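Working notes for the structure below.
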Protein chains: 2
Amino acid sequence: MKKKILISDIAKDLGISVTTVSFILNDKAKEKRISEGLTKRVLDYVQKVGYKPNELAKSLRTGKTKIIGLVIEDISNPFFANIARLIEAKAYSRGYRIIYCSTDNQPDKAIELIQLFRDRHVDGYIVTPSEGVRDTIESLQHSQLPLVLFDRYIPGLDSNHVITDNVRGAYDATAHLAQQGCRRIAMITLYSAQTQMRDRMNGYMRAIDIYKLQPYVKKVNLHDDEQTVIDDFRAFLEDQQPDAVFFATNYLAIAGLKAIKQYNLPFPAVVSYDDHTLFKLFTPTITAVSQPIEAIASELINILLNQLDGKEKGPKQVMLPSELIIRESSLVQTSSTGS
Amino acid sequence: MKKKILISDIAKDLGISVTTVSFILNDKAKEKRISEGLTKRVLDYVQKVGYKPNELAKSLRTGKTKIIGLVIEDISNPFFANIARLIEAKAYSRGYRIIYCSTDNQPDKAIELIQLFRDRHVDGYIVTPSEGVRDTIESLQHSQLPLVLFDRYIPGLDSNHVITDNVRGAYDATAHLAQQGCRRIAMITLYSAQTQMRDRMNGYMRAIDIYKLQPYVKKVNLHDDEQTVIDDFRAFLEDQQPDAVFFATNYLAIAGLKAIKQYNLPFPAVVSYDDHTLFKLFTPTITAVSQPIEAIASELINILLNQLDGKEKGPKQVMLPSELIIRESSLVQTSSTGS
DNA sequence: CAAACATGCTAAAGCGTTTAAGCATTTCTG
DNA sequence: CAGAAATGCTTAAACGCTTTAGCATGTTTG
């Protein structure tokens, strides 16, 4: 453990060449016709002295790092945190490591992070693209770098991506509320042109059309501080008096619930897009559109690793279904048991 | 953007040596007496062609990566996630990048991750040590690698670390419950010898002594699945009938609240160690011992960067105070407004 | 006006690997 | 039994940068 041991030390100690050691360590003993005896001798010795190659040198030489860069909107959002953990585990078992960073949905930060990963020569990229990163993503594609987007995609860009059926998810949520007898179903969403937000809006509108209702839409700013959002939302509730609210993300739902709690407002029926561990703990428990986290992570890692192995040809695009998990908050008879 | 441009390309294009370019790019122009004219010419050209040095090659040569490895218990726990984000931001502004991984408190995973970081030659380590990593940590220390532990430390190991006053935090929580008139104050904790858990237990016991109460302690297994924990906890509640419960971590509190909700049990007074964004959303809102996340992150990064700059001599150990945030769940008159 | 120093730059070694090319032997062929 | 082929290994270049040592000039000095 004292001094870092090198491949050349091994070679010297064993009286053979560095090349031979390298071949053996990289499982090329057969291919390069190294005798079994020597192979074993080297392996045993390496084991004994605990030699670990310098990964930096390896990467410099081979151009491969066995690292995947994960660019995520916000690691403190449980939806993303859980996907990150699953991806990490899956990649790990296939010999890859993950490094991840949050963009906070800020284009400049996203661009910088992707550049950072590029500087570090990661082998592949998994990205939740924030608005304004089109050029950066395109440049990755031009450089033929393995890449897969998720949660949303960039319209008009023919990329690999894994998304869920946001139109359907939002439709189901809204239709469910309508079926519960709600007439004034509001949607709370973000000022955002991202595809997943656009699709959720479309799903909501489709249900509104089919049930012949009036839309009530409130948009808020992602980067406003929480209290501002809470106050905005309160004003909206008091003005519009919806009998149901569909929140387009789980943090919007949380802000909304805080508003209701803080100002002691009457409880409308509620559905959140994206589930949250604690939604089943609320009073009332919160109905949510749950995305298939496990499947998303699997697809992502498969698509990326296939690309890395050169198995993949054309862009691969996957859309997975979400599931509406019905809890108390959307059932009209129990929805008024607030506070 | 077509072909990766190298420092040698710059040198050739400008008709000067690679050395000169390197000096200029590393802010050694003055020191190495490169003329201002040439310096500017190089800088402009580099800017124009968008040259970025190969960080791998740089690291291989210099032995520095400008990366800090963050080994964390569980990135999906908001306490850790928030600290991670703060550390990331602070490190970033000082020219360092963070790569992080979760250990799930499993020693073998922790050991492997630290080794992974070592293989990647990170410049420094910030670690929440799980049990069983003493040897690995000691080996880092022996190799003189910059290191700081947090949340807990390893007894008998003279390390840098940043912790909070767990004894005091737990004492305050328990004493508060006692002052509310609770007599049967239970503590729910983990089977764990880690210092933070031990200290929280000590704080609880001290309050129990001072208020002349009986201790009621329930220990659960960290790696049991949640439903098992919930069922165990329910049995404990029904057997012991505590009038107050002090949870030693926020996820224990969440499991406990789920048990209460799921089995519709009467609500005891409740305090959680570690706050959670959603605790103020519950019915009732949940009293918590809140650790100073911002200060912890600051101290960690300062200690580590000082070490990296060689400014630090002896081990630096910091203990920060926590704050009891009193909400409805611990106030006896309102604590029975359950479900 | 030679010695000493300052100025402005460069050649080449080195970081720790991988890998293309090659070189003795030995073993197989016809 | 000579030439071809197989066997088992090695030499040396390369990956893209940093850094030590040093080389021409030009400018002071005593």
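Letters A, B, ... mirror the listed sequences (proteins, then strands); counts begin at 1. Model, not experiment: these values are computed from the prediction.
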Discussion item. Checking salt bridge (Lys or Arg N to Asp or Glu O under 4.0 Å) between B:Asp44 and each of B:Lys40, B:Lys48, B:Arg41, which is the one that passes?
Written reply: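 Of B:Lys40, B:Lys48, B:Arg41, salt bridge (Lys or Arg N to Asp or Glu O under 4.0 Å) with B:Asp44 is met by B:Lys40 alone.
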In whole angstrom, what separates [X]'s [atom1] from [N]'s [atom2]?
X        : N      : atom1 : atom2 : answer
B:Ile5   : D:dG16 : CD1   : P     : 12 Å
B:Ile7   : D:dT19 : CD1   : P     : 11 Å
B:Leu25  : D:dC17 : CG    : P     : 9 Å
A:Lys58  : D:dG16 : NZ    : P     : 18 Å
B:His121 : C:dT17 : NE2   : C1'   : 11 Å
A:Glu31  : D:dC9  : CD    : C1'   : 15 Å
A:Lys28  : C:dA20 : NZ    : P     : 7 Å
B:Ile24  : D:dT18 : CD1   : P     : 12 Å

Worksheet item: Considering heavy-atom distances to DNA chain D, does B:Thr20 or B:Leu60 have its closest nucleotide positioned more toward the 5' end?
Response: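 Its nucleotide being nearer the 5' end, the pick is B:Leu60.
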Is a donor-acceptor pair below 3.5 Å formed from side chain [X] to base [N], judging by atom type as modelled?
X       : N      : answer
A:Arg61 : C:dT18 : yes
A:Thr19 : C:dT18 : no
B:Thr62 : D:dT19 : no

Practice prompt. Examine D:dT18: is either OP1 or OP2 under 4.0 Å from a nitrogen or oxygen in the side chain of B:Asn26? Give yes or no.
Written response: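 Indeed, a polar side-chain atom of B:Asn26 lies that close.
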Fill in: Side-chain N or O of B:Tyr51 closer than 4.0 Å to phosphate OP1/OP2 of D:dG16
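No, B:Tyr51 has no side-chain N/O under 4.0 Å of OP1/OP2 on D:dG16.
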Discussion item. Does A:Leu56 reach a base, just sugar-phosphate, or nothing at all? Heavy atoms under 4.0 Å.
Written reply: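 Contact class for A:Leu56: none.
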